[in-house]
Amino acid sequence: MDTEILAGKARIGRAGRWAGLLTQEAVITSLVALVVAAAVVIPLIALVVNSFLVLDDLGFGTQWGLANYREMVQGRVIPNALLNTFLVSTGATLLATFMGVSLAWLNARTNCPFRERLEPLNLIPFFLSPFVVAIAWHNLASPKVGLLNNLARDFLGVQGHVLNVNNLFGVIWVTGIFFTPLVYLFVVGSLRRMDPALEDSARVTGARLLRTTLTVTLPLVAPGILSGAIIVFVTSAGEFGVPFKLGAPYGWETLTTQIFSKAIGAQANHYMGSAMSMTLGVITVFFIWIQRRVIAPREFTTVTGKGFRPNLIDLGRWRWAALLFNALYILLAVIVPIACIFLVSLHRIWTGKIIPEDFTLLNYERILFFWSPLNIRPATNGIINSFILSFSGATTAMALGIVVSLMIHRQRSRGAALLDFLCAVPVGFPGIVLGMGVLVAYIKTPLYATLWILMLGYVTRFFPYGQRNVASVMLAVSEELEQSSRLFGASWLTTLRRITLPLLKPGIFAGWILLFLIYVRELSMSIILYTAGTETLSVGIYYLQEFENESLTCTLSVVQTVVLLGCVYLFRRAAGKEALVA
């Protein structure tokens with residue numbers, strides 16, 4: 001009898017354990033964890049495997065070997081591309097760091113006029129497409145059709161050209177001003193939270209403004225400056241659109257443009273492209289690891305327990321120079337490029353000169369309306385596909401991000417650390433590298449040549465951004481309300497729907513809008529994964545600049561820019577004026 005009772009209890013215990021494994025929470029979180037792990041790991045494994053496969057002499061069979069890596073070292077093109085990538089990343093980082101730190105200091109610590117109104121304008125370049133900014137500067141400062149060069153010839157009598165952005169310096173310039181907001185965001189928060197007593201002490205001892213800034217203020221925010229600089233360095237190394245427009249056509253190849261050439265076209269070699277992608281991926285992941293493990297944990301105490309309001313430094317007459325500096329950045333990074341692509345779009349053929357008599361809206365008719373007799377399908381397909389991918393991709397990524405955040409910060413299971421690591425991996429890989437991984441992993445599956453492979457690539461690459469937004473809010477919310485709901489008998493899904501999601505609404509909304517904006521302007525993954533009929537907005541712009549003229553290219557660029565800035569405006573209206581600088 002005792003044996004039967006014990007056996008019965010054992011069966012009940014096993015049934016209870018199986019029931020525990022089949023709860024709503026366990027099933028959903030397990031499925032999400034598997035999806036995230038597969039989405040991240042499979043493309044990376046495919047990259048590693050393909051990088052060691054070498055095409056035979058006939059170009060049909062493959063064999064294992066290190067020939068791809070040997071060619072990278074011994075050849076001429078790829079080492080030059082690697083050197084150019086390093087030069088672009090270094091130059092863009094120096095420029096973006098100088099501009100970002102300067103603007104952050106002027107807006108956070110000085111009495112620069114109109115700083116509150118200028119601040120959101122300083123962030124606009126981050127929400128634009130770098131490819132479009134490169135197109136704008138090509139039409140502004142290329143030797144023959146550059147508007148500024150033609151104005152210099154007509155009004156100043158200049159012979160030849162004054163400016164030329166079709167080289168490494170142009171790539172550095174456009175990339176640097178585009179990524180300035182990244183450094184700005186890393187630094188401005190620390191400057192606003194800094195105890196002014198630290199600077200007052202230096203001023204009391206006789207140190208002037210410049211010396212105090214260089215020896216006290218900037219060293220205290222050094223972790224933020226270094227973190228921003230490293231993020232800009234690795235992001236610049238993975239940038240594709242700018243060097244593709246301003247560098248590659250003129251002999252200045254980078255790793256990203258070389259990877260693209262190995263992924264697309266009749267001479268494509270996915271195995272060589274995989275080896276190059278692995279090289280770029282290892283470099284960027286190394287610097288991301290330094291930022292996360294070495295620099296980010298270092299924090300100097302800039303906020304004390306005493307309440308205070310940071311003092312604004314009186315610049316005196318120099319405050320107008322500060323205003324001019326800030327306005328000049330906005331002029332060069334926002335107003336002039338947007339005005340340029342709009343002016344070019346009004347001409348049937350762009351010759352580098354503004355001709356009001358030739359202004360027409362025909363280009364917009366050709367781009368936007370299906371019934372146009374000269375309809376261009378890549379443009380109209382791109383608009384529709386981008387909206388489909390942006391809405392569905394942002395929603396899918398945020399759904400994954402919510403569940404993953406719950407697993408990491410609420411369940412705290414054994415696999416939470418591993419899942420957190422998997423969420424950080426895509427952030428370290430440039431889009432073109434992860435796009436190459438998705439391509440070689442799924443090129444022989446039904447996903448290829450559909451929008452599904454694009455959405456898979458988008459979600460894999462960018463869902464960590466949404467997850468971080470949700471996690472930041474979740475960590476600030478107590479678990480007591482959720483625990484109380486479960487104690488009173490509510491299921492996991494009911495608690496999630498009625499308690500958790502309403503509390504996380506700010507983070508969910510911010511993350512969704514951020515992902516939507518990224519997807520609308522995404523190019524580096526799209527250019528690898530698209531096929532006829534699955535073009536996105538950015539791919540449509542690429543198609544037009546390759547096979548049509550600058551006027552049509554700028555027309556679709558204007559459409560994309562209006563969509564992006566409209567979303568930013570609506571976001572600020574819905575989430576408040578601090579939303580973009582939080």
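- The aromatic rings of Y543 and F547 are tilted relative to each other, their planes meeting at an angle between 30° and 60°.
- Of the residues listed (V232, T175, L103, L95), the one engaging T180 in a side-chain contact (heavy atoms from CB on, under 4.5 Å) is L103, and it is the only one.
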Go through the steps to decide whether N139 and I341 satisfy the test side chain to side chain contact (heavy atoms under 4.5 Å, CB included), and finish with yes or no. CA-CA 8 Å; N139 289 288; I341 60 173; 5.6 Å; no
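- Of all heavy-atom pairs spanning N68 and M272, the tightest one is O-CE, 3.4 Å.
- With a 4.5 Å cut-off on side-chain heavy atoms, L529 and Y442 do not count as touching.
- Taking the side chain as every heavy atom from C-beta outward, I135 and F131 approach each other to under 4.5 Å.
- With values rounded to the nearest 0.5 angstrom, L87 atom CG is found 6.5 Å from I172 atom CD1.
- Side-chain contact check for V520 versus Q560: some heavy-atom pair is nearer than 4.5 Å.
- For the ring pair (Phe, Tyr, Trp, His ring centres under 6.0 Å) criterion with Y519, the lone passing option out of Y465, Y458, F463 is Y458.
- The side-chain contact (heavy atoms from CB on, under 4.5 Å) with T254 is formed by just one residue from the set V242, N80, L83, T85; it is T85.
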List the steps and the verdict of side chain to side chain contact (heavy atoms under 4.5 Å, CB included) for H138 and N166. CA-CA 7 Å; H138 171 79; N166 299 326; 3.1 Å; yes
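- Of the candidates T555, L368, L556, T555 is the only one forming a side-chain contact (heavy atoms from CB on, under 4.5 Å) with N363.
- A distance of 13.0 Å separates CG of L185 from OG of S227, quoted to the nearest 0.5 Å.
- At a threshold of 4.5 Å between non-hydrogen side-chain atoms, the residues L451 and M455 do not count as touching.
- Residues F233 and T90 are in side-chain contact: their nearest non-hydrogen atoms beyond the backbone lie under 4.5 Å apart.
- Here the side chains of F179 and P130 are not in contact, with every heavy-atom distance at 4.5 Å or above.
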Enumerate, atom names and distances included, each donor-acceptor pair closer than 3.5 Å involving a side-chain atom of residues 388-405, sequence neighbours excluded.
unit_1: S390; atom_1: OG; unit_2: S386; atom_2: O; d: 2.7
unit_1: S392; atom_1: OG; unit_2: I388; atom_2: O; d: 2.6
unit_1: T395; atom_1: OG1; unit_2: F391; atom_2: O; d: 2.7
unit_1: T395; atom_1: OG1; unit_2: W512; atom_2: NE1; d: 3.1
unit_1: T396; atom_1: OG1; unit_2: S392; atom_2: O; d: 2.8
unit_1: S405; atom_1: OG; unit_2: G401; atom_2: O; d: 2.8
unit_1: S405; atom_1: OG; unit_2: Q467; atom_2: O; d: 3.4
unit_1: S405; atom_1: OG; unit_2: Q467; atom_2: NE2; d: 3.3

Evaluation steps, side chain to side chain contact (heavy atoms under 4.5 Å, CB included), between I78 and Q258: CA-CA 7 Å; I78 299 175; Q258 278 291 296; 4.1 Å; yes
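- The local environment of CZ in F86 is sparse, with at most 12 non-hydrogen atoms from other residues, nucleotides or ligands closer than 6.0 Å.
- In this structure, Y69 places its OH atom where more than 12 heavy-atom neighbours from other residues, nucleotides or ligands lie under 6.0 Å away.
- Using cut-offs of 30° and 60° on the angle between ring planes, the pair W173 and W137 is perpendicular.
- Residues F126 and Y184 are not in side-chain contact: their nearest non-hydrogen atoms beyond the backbone lie 4.5 Å or more apart.
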Verdict with reasoning, V174 to V165, per side chain to side chain contact (heavy atoms under 4.5 Å, CB included): CA-CA 9 Å; V174 173; V165 294; 5.7 Å; no
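- Within the 3.5 Å criterion, the main-chain N or O of A229 finds no donor-acceptor partner in the side chain of T97.
- Within 6.0 Å of CH2 in W252 there are 12 or fewer heavy atoms belonging to other residues, nucleotides or ligands.
- Atoms CG and CD1, from L544 and I367 in turn, are 5.0 Å apart once rounded to the nearest 0.5 Å.
- Note: F240 and F260 have tilted aromatic rings, judged against thresholds of 30 and 60 degrees for the angle between ring planes.
- Atom-to-atom distance recorded for R521:CZ and F516:CZ is 13.0 Å, nearest 0.5 angstrom.
- Taking OG of S129 as the start and CD1 of I541 as the end, the distance is 6.0 Å to the nearest 0.5 Å.
- Under the 4.5 Å side-chain criterion, counting only non-hydrogen atoms from C-beta, V558 is not in contact with V132.
- Here the straight-line distance linking atom CG of L123 with atom CG of L128 works out to 11.0 Å at 0.5 Å rounding.
- Considering only residues two or more places apart in sequence or on other chains, E522 meets the side chain to side chain donor-acceptor pair (under 3.5 Å) condition with S524, S526.
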